[in-house]
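All values derive from a computational prediction rather than experimental measurement. Below, chain A is the first sequence line, B the second, and so on; all start at residue 1.
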Amino acid sequence: MTGGLLEIRGVHKSYGLLEALRGVDLTVRPGEVAAIIGPSGSGKSTLLRAINHLEKVDRGFVSLDGELIGYARRGNTLRELTEREILRRRTRIGFVFQNFNLFPHLTVLENVVEAPIFAQGRPRTEAEAEARELLARVGLADRADDRPRQLSGGQQQRVAIARALALRPAVVLFDEPTSALDPELVGEVLGVIKELAGTGTTLVVVTHEVGFAREIADTVVFMDEGVVVEQGPPADVLDHPVNPRTQAFLEKVL
Amino acid sequence: MSANLAEGESRLLYPPPGLPPGGDGGASAGPADEDLRVVAARHPGRWVATAVVGVLLAMVVSSLVTNDRWEWDVVARYLTWPSILEGAWATVRLTVTASVVGFALGTVLALMRLSRSPLLQAVSWAYTWVFRSVPLLLQLLLWYNLAYLYPVLSLGIPFGPEFLFFDTLDLIDKFWAAILGLGLSQAAYSAEIVRAGILGVDQGQHEAAASLGLPRHRQVRRIILPQAMRSIVPTAVNEVIGLLKGTSIVYVLAYGELFYIVSVIYGRNGRVVPLLIVAAIWYLALTTLITVVQYYVERHYAKGALRTLPPTPVQRVRWELQVGFSRLTGAPVPDGVPPGLAARVRVGRWVAPRTTPTGPTGPKGGAA
Ligand SMILES: Nc1ncnc2c1ncn2[C@@H]1O[C@H](COP(=O)(O)OP(=O)(O)OP(=O)(O)O)[C@@H](O)[C@H]1O
Ligand SMILES: [Mg+2]
């Protein structure tokens, strides 16, 4: 898999009077792993949702490999895409939710093959073969015919990761993938993400696990109050933060 | 000791409910507990209530049998009378067709109401408003008199030329007038039921479906509706049962459904009560049928929502019989009976030592 180039420029997003994002700039290079940290309510989830166009931004733009998300550009005009076009482009971006959001009425295998078949139009046999490979990769080859609620939280999240990867996305977004898990289940999910970090797919991971961010991230991004306050290699941002807000946050979590 | 513990869930029953926990060191530790007798809890209040209800029930049954004004012979004769059967069949046809029309249109209305187009929302809202407000009886008569308003119905381009023409009186006979009346008003109620079901599906499911890039219709049909069905089905079945009984109102159109036929017959022979009983029995039977179907439909949509599906009534009866047989004969409980139920074999009888291979809850073979 080859990773995509993700560019975020001047993104603003408000909910009513509340400005969740107030001008976010961020570049994630192909194959890079970016870890986003920051206090609760700082806009991390909102940013991920904007990248995936689950949330429409008010100002600014997000692009993947130069292609704008949600808009088509012709000269100096931006044309809003139809829902169908947005859905098609979305298959280049995988999203892993905090609460997994697996489809409980479908089996594990059905969860994974649904999008390759019905969003990308790939043949079922091919999609199923690849899904089984992915499930084996996340260590769940033998649970393909179970339903999500019969799995533990950690197993469910690994299925969710397999489901996101089944689209062969250029970017995978993780929104606090381990924060709904019991401590002893965190390791297995982080292990899968770590393995993924070496494969060339661009990853953006919102996480509260500072140690994990240090281990896998090429870039650590610290967000507060809707802006990127500081970003750089983990050794800089986590060990020698320049900004006082970053210092204060890290003091609290470390 | 450790081998003993590894053997079985059957020990879950210990200590027996009556014993103070840990009160008898000998009983709770050693192999002595194998010889304890398990006694079912006593419920004197329940026995009294059972007796009272039993007597009342006996009184009802006796009055049904001894009061010959019920004319059970007449009831029996008319129960399978050809025209009654025809009427019951007509009632079934009306119910099924009106349900299909009602829920199909209701689902469309619900999706319109949830769409992002203000016009679609408004139309859906207005539809529900009108059809819920006008009494069904009135609607039926209006549809039946549609030919007065529009003697000819035609198919063509809106505001343009028309190609196909139908005589309204031919197109809308009594059956279709009834379907229009019942189905269209049912749609207004169904729309709300379906909408509530969709709203009840977790927001995360909508987002996950969207984030995977699934086409919109696939999101609705494959991801959202099946999950909404879990809350839709019980209420929807209520509506269908209401509709089944509601079809009796169609007698105002002199359409030959069950109730109309019955009223025609008692109009001729004067046996009003027995014939009403005949109709009641048929409605009861049809409702029972719907309830059975409901059970299996609910079970179908419970897949994945529950970790393990509850047993079907058939399974439950079979297990009860098997456990009862084991209690009487001491034969081993067959495989497949859930351990929780199998443990009941011990209640009220002396438990054989676990070392006996044929013991009621003993493990299969000597593997342990
Ligand atoms: N749908 C919404 N409607 C209104 N306000 C919202 C909505 N989603 C987020 N917000 C607000 O936007 C701000 C940023 O929220 P966001 O979920 O992005 O924070 P976060 O950094 O992900 O926090 P956490 O670490 O707790 O998940 C918060 O103040 C939140 O209350
Ligand atoms: Mg968040």
Side-chain angles (χ1 to χ4, degrees), chain A residues 45 48-49 51-55 82-108 110-121 145-152 156 159-160 163-169 171-173 175 180, chain B residues 107 111-121 194 197-234 236 295-311 338:
Chain A
S45 298
L48 285 200
R49 297 162 57 78
I51 294 174
N52 202 11
H53 212 261
L54 279 175
E55 213 72 76
T82 62
E83 185 170 338
R84 181 189 297 258
E85 292 167 313
I86 290 172
L87 287 169
R88 198 170 44 74
R89 289 198 186 184
R90 225 179 242 158
T91 61
R92 300 203 54 216
I93 304 175
F95 202 112
V96 176
F97 297 87
Q98 186 173 356
N99 312 313
F100 333 135
N101 289 341
L102 292 176
F103 306 129
H105 59 302
L106 306 182
T107 66
V108 164
E110 286 169 339
N111 263 278
V112 179
V113 299
E114 179 70 22
I117 296 177
F118 294 97
Q120 293 182 321
D145 299 320
D146 284 328
R147 284 174 211 278
R149 298 241 165 96
Q150 292 166 323
L151 305 181
S152 75
Q156 289 189 47
V159 173
R163 180 175 74 176
L165 293 179
L167 287 162
R168 299 180 183 159
V171 185
V172 185
L173 312 173
D175 192 0
Chain B
T107 306
L111 294 175
M112 283 167 68
R113 186 80 186 274
L114 293 169
S115 85
R116 268 162 255 162
S117 151
L119 181 68
L120 293 186
Q121 284 174 21
V194 174
I198 291 175
L199 290 178
V201 176
D202 182 39
Q203 183 66 24
Q205 294 290 314
H206 293 267
E207 288 187 348
S211 81
L212 288 171
L214 292 174
R216 186 92 175 133
H217 66 92
R218 186 78 189 167
Q219 292 181 25
V220 173
R221 281 221 338 266
R222 174 74 163 169
I223 308 299
I224 304 304
L225 277 183
Q227 297 188 61
M229 284 305 270
R230 245 176 88 64
S231 54
I232 291 176
V233 169
Y295 179 84
Y296 285 94
V297 173
E298 274 185 26
R299 219 178 123 78
H300 173 78
Y301 285 110
K303 267 186 216 149
L306 307 170
R307 277 165 187 256
T308 46
L309 285 178

Please classify the contact of A:N52 with chain B as side chain, backbone, both or neither, using a heavy-atom distance under 4.5 Å.
side chain
Suppose we screen for ring pair (Phe, Tyr, Trp, His ring centres under 6.0 Å). Which residues come up paired with A:F95, at least two apart in sequence or across chains?
A:F97
Side chain / backbone / both / neither for A:R84 at chain B, heavy atoms under 4.5 Å
neither
Among A:I117, A:I93, A:I86, A:L102, which has the most heavy-atom pairs under 4.5 Å with chain B?
A:L102
From A:T107 atom OG1 to B:K303 atom NZ, the distance as rounded to the nearest 0.5 Å
11.0 Å
Side chains of residues 208-220 of chain B: which donor-acceptor partners sit under 3.5 Å, not counting sequence neighbours?
residue: B:S211; atom: OG; partner: B:A208; partner atom: O; Å: 3.1
residue: B:R218; atom: NE; partner: A:E114; partner atom: OE2; Å: 2.6
residue: B:R218; atom: NH2; partner: A:E114; partner atom: OE1; Å: 3.3
residue: B:R218; atom: NH2; partner: A:E114; partner atom: OE2; Å: 3.2
residue: B:Q219; atom: NE2; partner: B:L214; partner atom: O; Å: 2.9

Segment of A:R89 engaging chain B (4.5 angstrom heavy-atom cut-off)
neither
Distance in Å, A:H105 NE2 paired with B:R222 CZ, rounded so as to fall on 0.5 Å steps:
6.0 Å
Heavy-atom distances under 4.5 Å only: say whether A:R147 touches chain B with side chain, backbone, both or neither.
side chain
Is the number of heavy atoms from other residues, nucleotides or ligands under 6.0 Å of B:R299 CZ greater than 12?
yes
Measuring from atom CD1 of B:I224 to atom CZ of A:F103, what distance do you get when rounded to the nearest 0.5 angstrom?
7.5 Å
